[in-house]
Amino acid sequence: ACLSVLLTPLSRFFFAYSYSFSNDVCTTAALLFAVSALVINRPAAAGVFFGLAVLGRLSTAALLPAFALSLAAAAGGSSQRVRGLTYFGLGGLPAALWFGAANWWMFGGILEVSYRHWQMLLGDTLVLRSQSGDFTRSFFSGLIQTLFNPQQGFFVGTPFAFWALLLGL
């Protein structure tokens, strides 16, 4: 796995359609900072970093109940729980406002996300397509497409990950 992470940026030099950057690293770092802020009892800072993590990867919002439970469990009394949750929410508010404003500006609605506005290459032409139908296809069909698609597949764009996975087993 370490070899894959180290070689991923280099695959861009060898393959035309390779995975050359990742918001996952920034999202993970922001989540780590959010957890660290919770540990040292800084709920507003935790909210800021959690908000940044959600901006980096929307699916991170699924962790909101875990953060809320952590804040509630760490607080001594009910007023401290309310205060911690309020500070956490206020810390995350700028990211939520930014998310809504950016989506409204780019896609026409604050809760509209990019799944219906996906750019991809077909041949040498950049086209806009909707990914909404991708959520209704079978799991195995989607998995094969995600891993081995000739233009966007993970193992095609990041071949070193495939070899690192094989060699690591």
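Taking all atoms of both residues into account, the shortest heavy-atom contact from Ala34 to Phe67 is CB-CE2, 3.7 Å. For Ala46 against Ala37, the heavy-atom pair with the smallest separation is N-CB, 3.5 Å. Here the closest heavy-atom approach between residue Leu52 and residue Ala95 is recorded as N-CB, 4.1 Å.
Note on Phe49 and Leu64: same hydrophobic cluster, where clusters join Ile, Leu, Val, Met, Phe, Trp and Tyr whose side-chain heavy atoms are under 4.5 Å apart, directly or indirectly. Tyr87 and Leu63 fall into different hydrophobic clusters, defined by Ile, Leu, Val, Met, Phe, Trp and Tyr side-chain heavy atoms under 4.5 Å apart, directly or through other members. Follow the hydrophobic side-chain contacts under 4.5 Å out from Leu71 and you reach Phe33 in the same cluster.
Note that the CZ atom of Arg57 and the CG atom of Leu31 stand 11.5 Å from one another [nearest 0.5 Å].
Sparse packing is recorded around CZ of Arg42, with 12 or fewer heavy atoms of other residues, nucleotides or ligands lying under 6.0 Å away. Around the CG atom of Leu90, the shell of radius 6.0 Å holds more than 12 heavy atoms that belong to other residues, nucleotides or ligands.
Within the 4.5 Å cutoff, the side chain of Ser36 has no heavy atoms near those of the Leu38 side chain. Residues Phe99 and Leu58 have side chains in contact (heavy-atom distance under 4.5 Å, counting atoms from C-beta outward).
Ring-plane geometry between Phe50 and Phe88 is classed as tilted, the angle between the planes lying from 30 to 60 degrees on a 0 to 90 degree scale.
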